[in-house]
Amino acid sequence: MNDESSTDFIRDIINHDLETGRYDRVHTRFPPEPNGFLHIGHAKSICLNFGIAEEYGGKCNLRFDDTNPSTEEETYVQSIIEDVRWLGFDWEDRLFFASDYFDQMYEYAVQLVEKGRAYVDDLSAEEIRRYRGTLTQPGTNSPYRDRPVEGNLDLLERMKEGEFGDGEKVLRARIDMAHPNMNMRDPVMYRILRATHHRTGDRWCIYPTYDWAHGLEDSIEGITHSICTLEFENHRPLYDWFLDQLGVYRPRQIEFARLNLTYTVMSKRMLRSLVEGGQVSGWDDPRLPTIRGMRRRGYPPAAIRDFCQRIGVSKSESTIPMELLEHCVRDELNRTAPRYMGVLHPLKVILDNYPRDQVEYMGVENSPEDPAAGTRQVPFSRVLYIEREDFREHPPKKYYRLAPGREVRLKNAYLITCQEAIKEDGEVTALRCTVDPATRGGDAPDGRSVRATLHWVSAPHAVDAEVRLYQRLFTVEDPAGQGRDFKEHLNPHSLRTLTSCKVEPAVRELASVERFQFLRQGYFCVDPDTAGDHLIINQTVELRDTWARISRQMAKNR
RNA sequence: AGCCCCGUGGUGUAGUGGUCUAGCAUAAGAGACUCUGGAUCUCUUGGCGCCAGUUCGAAUCUGGCCGGGGCUGCCA
């Protein structure tokens with residue numbers, strides 16, 4: 001499918017590597033750190049890595065980068081596994097952990113020490129920082145930099161054996177303290193850290209830093225193309241240096257620009273802060289761009305994959321409009337979601353000329369996009385609910401829904417005419433209407449047409465539901481980049497809870513993962529908070545609303 | 001200030017010296033159709049950061065400039 005269309009710069013590089021024989025296969029990996037939940041930015045990386053492997057008939061590993069036990073936990077491992085799987089990808093038997101390679105990494109470190117390419121440093125963290133110099137000034141050599149190999153070997157061994165306190169010593173690469181690339185100024189390879197690791201327990205008290213470990217992990221697994229984000233570009237020379245010094249297999253690292261989305265935040269720190277600060281209900285709050293949040297919101301995995309495909313991949317930093325994600329969700333759901341009727345803001349309608357105790361069952365197609373989805377029977381009776389917005393006592397221009405004296409169609413039911421609005425204290429509380437019995441099913445025998453078709457729910461059959469409506473979490477496009485506390489830009493209306501919604505009975509039977517359309521309203525799904533009779537429904541995304549746009553324009557022109 | 005990266009319609013991407021009167025998607029605007037003011041269909045608006053150079057020919061190659069971003073954790 002990608003053959004006739006164009007490729008991105010990463011696939012160009014891979015094609016080139018395959019043609020020139022640098023590699024004869026493609027093996028990628030997705031390497032999350034188990035210290036948080038995955039979000040849409042990770043989805044981009046996941047789709048890239050697994051997608052490329054699939055396209056080239058290669059493999060993609062899922063590998064946890066668990067080199068820092070002080071922040072990492074087993075629960076994150078489980079949630080990440082779940083999320084990647086939910087997105088639709090499979091790593092077969094290739095689930096790995098950086099911690100699986102701790103012994104090997106230590107071996108490698110000993111080799112570097114033996115070659116005089118690494119040394120144990122007694123400087124404190126603070127001193128190391130000072131000795132590093134600045135962006136414009138070269139650093140200074142540590143007084144311990146020229147320790148003899150034997151001494152280093154001995155000290156490293158004793159670090160490992162736990163003879164020293166946390167932070168007392170580190171192992172450093174011996175490269176160049178004047179290097180213009182700060183990452184090459186003798187980076188730390190091992191730190192002493194007494195923390196229980198989620199997999200290795202208390203077996204180690206020294207842990208490899210990311211810079212030391214990451215390239216080794218890719219090398220050990222025989223990764224051909226290590227795809228990562230832009231901020232690691234300056235680290236690539238270091239990874240290559242380590243691998244070259246060791247004389248081991250070298251993957252090619254390719255960096256791409258991470259995803260930014262408007263009206264949300266993507267950094268782990270900010271997401272965590274929202275969760276812990278109680279601004280959202282948890283990591284799976286439907287307003288969050290986390291995989292779990294989007295899942296609970298009702299975003300289909302196929303839509304997320306489609307989105308990741310459409311945004312492409314490049315090295316230029318960009319921000320994608322949230323509208324594109326929503327477009328992808330609508331696009332997918334339009335094709336796949338069955339239609340139901342639900343009234344969010346109920347307005348009672350009494351059909352004066354309809355027999356009091358009569359109930360008819362109307363045949364309704366489940367999906368106009370998919371005839372194979374079949375039909376269902378929806379009860380219709382003398383008292384109904386329609387949407388409050390679908391009636392106006394004094395209809396504005398271009399509004400062609402219900403108004404006194406006006407005729408509209410009730411979807412798959414009858415044409416009705418509004419005779420009178422019943423008011424209490426100036427507010428419309430109910431409508432008295434009449435049906436044209438000759439229009440059962442929704443078609444008029446005389447061929448007359450009506451402009452509007454409304455959704456409805458039979459009052460005696462209606463099921464009560466709580467509906468949660470969501471809007472963007474922030475009021476500004478780039479809440480993280482405003483120079484102030486990003487929480488100042490939280491949208492106070494990001495969650496609106498409607499408690500007296502009336503939905504057709506069939507909705508009660510829907511399992512919590514199913515997604516559906518409420519006709520003319522948008523896409524929704526049942527929230528897992530649903531318990532017993534208390535039905536809770538999440539709004540996934542609104543339908544495109546032309547009338548809303550028209551009325552907005554009219555308001556502006558006035 | 002040193003090192004590294006990036007610069008194509010509003011947004012995101014394709015384009016690898018002629019076939020570029022610069023493609024696609026999205027957004028916006030207009031219309032058609034419709035038992036969802038949904039979907040679908042048609043049309044319209046809108047772009048190669050700048051300046052030199054190489055060349056018969058440059059979005060594409062070279063140089064300079066301008067603009068944006070990253071790098072000074074024992075985080076990843």
Side-chain angles (χ1 to χ4, degrees), chain A residues 5-8 12 31-33 35-36 65 67-68 70-72 121 123-126 128-130 132-139 166-172 178-185 187-193 206-207 209-211 213-214 228-237 255 257 262 268 309-321 323-324 327-328 330-331 334-335 339 341 364-365 368-369 398-401 408-413 415 441-443 449-455 517-523 542-551:
Chain A
S5 62
S6 53
T7 62
D8 50 70
D12 284 346
E33 186 193 11
N35 74 341
D65 218 318
T67 55
N68 187 357
S70 56
T71 57
E72 295 154 4
D121 198 348
L123 255 29
S124 69
E126 164 65 21
I128 287 180
R129 191 172 60 75
R130 273 210 310 275
R132 185 150 34 224
T134 68
L135 295 178
T136 49
Q137 293 166 310
D166 286 11
E168 228 174 273
K169 293 187 190 321
V170 292
L171 182 73
R172 289 231 257 169
H179 200 108
N181 181 343
M182 299 292 288
N183 298 123
M184 301 296 273
R185 320 248 258 230
V188 171
M189 295 164 61
Y190 274 101
R191 71 273 217 193
I192 302 173
L193 194 63
I206 58 171
Y207 290 95
T209 58
Y210 178 87
D211 274 348
H214 195 80
C228 65
T229 44
L230 250 29
E231 68 268 29
F232 296 107
E233 199 156 27
N234 290 333
H235 297 241
R236 189 177 58 218
E255 308 86 9
T262 56
K268 262 181 207 171
Q309 157 99 251
R310 289 197 205 209
I311 58 176
V313 53
S314 74
K315 297 191 74 156
S316 60
E317 305 211 34
S318 57
T319 303
I320 310 288
E323 290 79 3
L324 182 61
H327 168 82
C328 294
R330 285 195 195 98
D331 199 45
N334 174 52
R335 279 196 307 268
R339 271 65 166 172
M341 291 194 283
V364 177
E365 60 181 348
E369 300 294 318
K398 290 188 181 173
Y399 180 94
Y400 38 82
R401 273 113 99 151
V408 298
R409 174 187 296 110
L410 293 180
K411 174 81 179 171
N412 288 14
L415 266 44
D443 287 307
S449 69
V450 293
R451 291 298 290 272
T453 299
L454 311 185
H455 59 277
Q517 184 190 107
F518 270 148
L519 223 59
R520 305 206 303 137
Q521 300 283 333
Y523 297 97
E542 293 178 284
L543 246 31
R544 278 187 71 207
D545 191 343
T546 308
W547 165 245
R549 218 181 320 143
I550 291 170
S551 57

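Computed from a predicted structure; not experimentally measured. Every chain is numbered from 1 and lettered A, B, ... according to where its sequence line falls, protein lines coming before strand lines.
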Q: Would you mind pulling out the nucleotide paired to B:A30, Watson-Crick or G-U wobble, both distances under 3.5 Å?
A: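 With both distances under 3.5 Å, B:A30 matches B:U42.
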
(Q) With a 3.5 Å limit on both atom pairs, tell me what B:A25 is paired to, counting Watson-Crick and G-U wobble, or say none. (A)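 Its partner is B:U11.
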
Take atom [atom1] in [N] and the same atom in [M], then report the distance between them in whole Å.
N	M	atom1	value
B:U60	B:G49	C1'	16 Å
B:C4	B:C20	C1'	33 Å
B:G31	B:C50	P	36 Å
B:G63	B:C6	P	14 Å
B:A59	B:U16	P	12 Å
B:U19	B:U36	P	47 Å
B:U13	B:C71	C1'	28 Å

By side-chain contact (heavy atoms from CB on, under 4.5 Å), which residues pair with [X], not counting sequence neighbours?
X	result
A:Thr229	A:Glu231, A:Phe232, A:Phe256, A:Arg258
A:Glu369	A:Asn334, A:Arg339, A:Ser367
A:Ser124	A:Glu126, A:Glu127

Q: Please list, chain by chain and in numerical order, all residues satisfying ring pair (Phe, Tyr, Trp, His ring centres under 6.0 Å) with A:Tyr399, sequence neighbours excluded.
A: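 A:Trp547.
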
Q: Please name all residues satisfying ring pair (Phe, Tyr, Trp, His ring centres under 6.0 Å) with A:Phe518, sequence neighbours left out, ordered by chain then number.
A: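 With neighbours one apart ignored, the set is A:Phe516, A:Phe524.
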
Q | Any N/O donor-acceptor pair, A:Gln521 side-chain to B:U36 base, under 3.5 Å | A |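 By the distance-only test, no, there is no pair.
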
Atom [atom1] of [X] and atom [atom2] of [N]: how far apart are they, to the nearest Å?
X	N	atom1	atom2	value
A:Arg185	B:C3	CZ	C1'	9 Å
A:Asp545	B:G37	CG	C1'	7 Å
A:Arg335	B:G38	CZ	P	18 Å

Nucleotides 44-47 of chain B: which of its N/O atoms have a protein N/O under 3.5 Å away?
none

Once side chain to side chain donor-acceptor pair (under 3.5 Å) is applied, do any residues pair with [X], and if so which ones, sequence neighbours excluded?
X	value
A:Arg330	none
A:Arg520	A:Asp390, A:His455
A:Asp331	A:Arg310
A:Thr453	A:Arg409

Just to be sure I understand the rule, does [X] reach a base, reach only the sugar-phosphate, or reach nothing, if contact means heavy atoms closer than 4.0 Å?
X	answer
A:Ile320	sugar-phosphate
A:Ile550	base
A:Pro368	base

Q | Under 4.0 angstrom between A:Ser316 side-chain N/O and B:U13 OP1 or OP2 | A |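 True: A:Ser316 side-chain N/O within range (under 4.0 Å) of B:U13 OP1/OP2.
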
Q. Does A:Thr546 put a side-chain nitrogen or oxygen below 4.0 Å from OP1 or OP2 of B:G38?
A.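 The answer is yes; a side-chain N or O of A:Thr546 sits under 4.0 Å from OP1 or OP2.
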
Q.
I need a per-nucleotide contact map over nucleotides 25-34 of chain B, read 5' to 3'. Cutoff is protein heavy atoms under 4.0 Å; write B for the base, S for backbone only, - otherwise.
A. SSS-S-----

Q: Treat primed atoms plus P, OP1 and OP2 as sugar-phosphate and everything else as base, then score nucleotides 66-76 of chain B 5' to 3': B for base contact with protein heavy atoms under 4.0 Å, S for sugar-phosphate contact only, - for none.
A: ---SBBBSBSB

